[in-house]
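So that the names make sense, note that chain A is the first sequence line, chain B the second, and so on, each numbered from 1.
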Amino acid sequence: MKLYNTLHRQVEEFIPHETGIVKMYTCGPTVYHFAHVGNLRTYIFEDIIEKGLTYLGYDVKRVMNITDVGHMTSDGDTGEDKMQKGAEREHKTVYEVAKFYTDEFFNDCNKLNIKKPAIVSKASDNIDVYIEMIEKMLADGYAYISNGNVYFDISKASDYYQLSGKNPEDLLIGVRDTVEEDKFKKNPADFGLWFTLSKFENPEMKWDSPWGVGYPGWHIECSGISAKYLGEYLDIHCGGVDNIFPHHSNEIAQSEAYFGHKWCNYWCHGEHLNDKSGKMSKSSGEFLTLSLLETKGYNPLSYRYFCLNSHYRNQLVFSFSTLDGAENAYLKLKSKIRSLKKTPDLHEEKLDFYFNNFKDAIENDFNTASMLTVLYDVLKDESLTDFTKLFLVEKFDAVLSLDLIKDEEELNVEVDGILQDLIVRRNIAKKDKNFIVADSIRDEVNKLGYKLLDTREGTIYEKM
RNA sequence: GGGGCUUUAGCCAAGCGGUAAGGCGUGGGACUGCAACUCCCUGAGCACCGGUUCAAAUCCGGUAGGCCCCUCCA
């Protein structure tokens, strides 16, 4: 199994700490608003990693956090809290906002066939863990208290810039004008572990701590939740590329300071989905949610297909015409599979050949486009029986999750009776060359939400 | 200002030194009363320039364009 490791900026052989077991941590959503399809792309990619590894026989232990607290719009002790802002916008409590958008998030995931990780943990449920970690870091000299807040001292981190590939000088020179400096830090790049009330106006979410009532910094939650559920060694940590710096860099610094040794070996980052103007955002341009796509008539799984058609490390530009192409391809693929005959007739000769091809695609840094190609190769192979194709498609779909073999809703006997009757009447009309009647019957069928297909084997109907 | 990634047919896209996968669309044909569906057939020499090599889309250098990051972000 080979995968690209951001830590070393190259494709590497994947070797977990414990043979056969993969401990995987994926940064979850900040639940202050709906997810847009770009956010969702990252979760599709993580889903493919989990399922791909499972397909290869690994026992994947995956954890995801839900950020429901303390996510400042700037990393200092200034700026606004996204959760608080969301709550004010919607006249709800922070907890209500978090609950609502968490549910919406998993709703979207469900529509996209993204498996919910076995362990999902809310940032606000693990305050004790963060406090314990921070206390140890303070005791060991990795953190310091300043103006009531606790900061991580990056000068104590062994190799703070390893993940981002940056160097300190550049960071200092290039800091954006909009960033407000926190003058209580020793080093501008130090980051907050715990903020007390003194700096932020009465947040709804606050807890008692050895340093006063307050709330945790954004980065400590992931380190804490990961440590709590996956222990001191992590195999794969995923997220969007935007998290490389500072979020993941900070996590490494904290976790390694806390554990006293190397923590996570593989860092995988999903590239962004852009729109024609660049990076997709929630505040500018069209806010593309999955529901919006559904409103426009798209099948959510067409979007999944759209994502799988390219590699997770490629920037992808979203446009409706490209999505149209993906939906077209997806629906054709499904109908091709639907037409396969289910007569039990499994030929085993070429199974290994295709299983290996599919496995190669997974092992090649989760090359989903190649996985789809193997799928098309199977469907085109005339030496395979329909049943053999279905068998392979079903196995592949365990990773792809495109509902390729899922049966459409079971036959509605009543509707079927009506439609069969219409088909018979239309065929009679056709035979009599009474095409006006025939076409009006076809319109009638369309009004019922079905379309007629005149195949070589006769006329059948299909839901529109 | 600093750093990184990227550039393959109309579009999406694979390719990882050995002679350009796949999909969508287009056009043509078969089928059809017509249409749709389905099935055949149909296309590029890989941004540009130079280098390394028996051999380069693949490696190296440069030029141009695009995107991203540099404490909000998936």
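K2(A) comes within 4.0 angstrom of nothing in the nucleic acid, heavy atoms only. In this structure, L316(A) reaches the sugar-phosphate backbone alone: every heavy-atom distance under 4.0 Å involves primed, P, OP1 or OP2 atoms, never a base. Counting any heavy atom pair closer than 4.0 Å across all strands shown, F435(A) reaches a base atom. Using a 4.0 Å heavy-atom cutoff across all strands shown, G239(A) reaches sugar-phosphate atoms only and no base atom. At a threshold of 4.0 angstrom between heavy atoms, the contacts of N367(A) are confined to the sugar-phosphate backbone, with no base atom among them. Among the heavy atoms of the strands, none lies under 4.0 Å from K451(A). Residue-level contact check: Y43(A) touches the backbone only, with heavy atoms under 4.0 Å from sugar-phosphate atoms and none from bases. Using a 4.0 Å heavy-atom cutoff across all strands shown, Y305(A) reaches sugar-phosphate atoms only and no base atom.
In this model, no donor atom of one side chain and acceptor atom of the other lie less than 3.5 Å apart for H248(A) and H219(A).
Atom CG in L372(A) sits about 14 Å away from atom P in rG22(B), given to the nearest Å. The NE2 atom of H311(A) sits 13 Å away from the C1' atom of rC5(B) (whole-angstrom rounding). Atom-to-atom, CG of N364(A) to P of rA21(B) comes out at 17 Å; the value is rounded to the nearest Å. The separation between I337(A) atom CD1 and rC37(B) atom P is 18 Å, rounded to whole Å. Atom-to-atom, NE2 of H248(A) to P of rC72(B) comes out at 15 Å; the value is rounded to the nearest Å. Protein atom NZ of K336(A) is 11 Å distant from nucleotide atom C1' of rG22(B), rounded to whole Å. Distance E13(A) CD to rC16(B) C1': 15 Å, rounded to the nearest Å.
The base of rA35(B) sits within donor-acceptor range of the side chain of D454(A), with an N or O pair under 3.5 Å. Residue R442(A) places a side-chain atom within donor-acceptor reach of the base of rC34(B), judged by atom type and a 3.5 Å distance cut-off alone. Taking 3.5 Å as the limit, the base of rA21(B) and the side chain of T373(A) contain a donor-acceptor pair of atoms between them.
Remark: K92(A) qualifies as a cation-pi partner of F100(A) under the 6.0 Å distance and 45° angle criteria applied to the six-membered ring. The cationic atom of K2(A) (NZ for Lys, CZ for Arg) does not lie both less than 6.0 Å from the six-membered ring centre of F14(A) and within 45° of the ring axis.
Minimum atom distance to the side chain of K430(A) is reached by rG33(B), of the listed rC37(B), rG33(B), rA74(B). Set against rC12(B), rG23(B), rA74(B), the side chain of H36(A) has rA74(B) as its closest nucleotide. With rU71(B), rG33(B), rC24(B) as the choices, the nucleotide that has an atom nearest any side-chain atom of P246(A) turns out to be rU71(B). Relative to the side chain of A369(A), the nucleotides rC12(B), rG22(B), rA14(B) differ in distance, and rA14(B) lies closest. Of all nucleotides listed (rC70(B), rG4(B), rC39(B)), rC70(B) comes nearest to the side chain of F245(A). The listed nucleotides are rA36(B), rC70(B), rA74(B); the one nearest the side chain of L453(A) is rA36(B).
Phosphate proximity of rC24(B) to K332(A): present, with a side-chain N or O under 4.0 Å from OP1 or OP2. Residue N328(A) places at least one side-chain N or O under 4.0 Å from the OP1 or OP2 atom of rG25(B). In this structure, N309(A) does not reach the rA14(B) phosphate: none of its side-chain N or O atoms is under 4.0 Å from OP1 or OP2. Between N446(A) and rA36(B) there is no side-chain N or O to OP1 or OP2 distance below 4.0 Å. Side-chain N/O atoms of K433(A) include none lying less than 4.0 angstrom from OP1 or OP2 on rC34(B). Using a 4.0 Å cut-off, some side-chain N or O of N314(A) falls inside it from OP1 or OP2 of rA14(B).
Between Y144(A) and the choices N149(A), D190(A), D153(A), the side chain to side chain donor-acceptor pair (under 3.5 Å) rule is met once, by D190(A).
A salt bridge between E50(A) and R62(A) is present, with a side-chain N of the basic residue lying under 4.0 Å from a carboxylate O of the acidic one. Salt bridge annotation for E294(A)-K111(A): present, with a cationic side-chain nitrogen under 4.0 angstrom from a carboxylate oxygen. Classification of R313(A) and D365(A) as a salt-bridged pair holds, one side-chain N sitting under 4.0 Å from a carboxylate O.
With its glycosidic angle more than 90° from 0, rG25(B) is assigned anti.
Projected onto RNA chain B by closest heavy-atom contact, S321(A) and T42(A) fall at different nucleotides, the more 5' of which corresponds to S321(A). RNA chain B is contacted by both G240(A) and L452(A); L452(A) maps to the nucleotide lying nearer its 5′ end (nearest heavy atom per residue).
Separation of the C1' atoms belonging to rA20(B) and rU58(B) is 11 Å when rounded to the nearest angstrom. For rC40(B) and rC24(B), the P atoms lie 11 Å apart once the distance is rounded to whole Å. Look at the C1' atom in both rU42(B) and rG10(B): the space between them is 14 Å, to the nearest Å.
Note on ring orientation: taking the six-membered ring where Trp is involved, the planes of Y151(A) and F195(A) are perpendicular (angle over 60°, cut-offs 30° and 60°).
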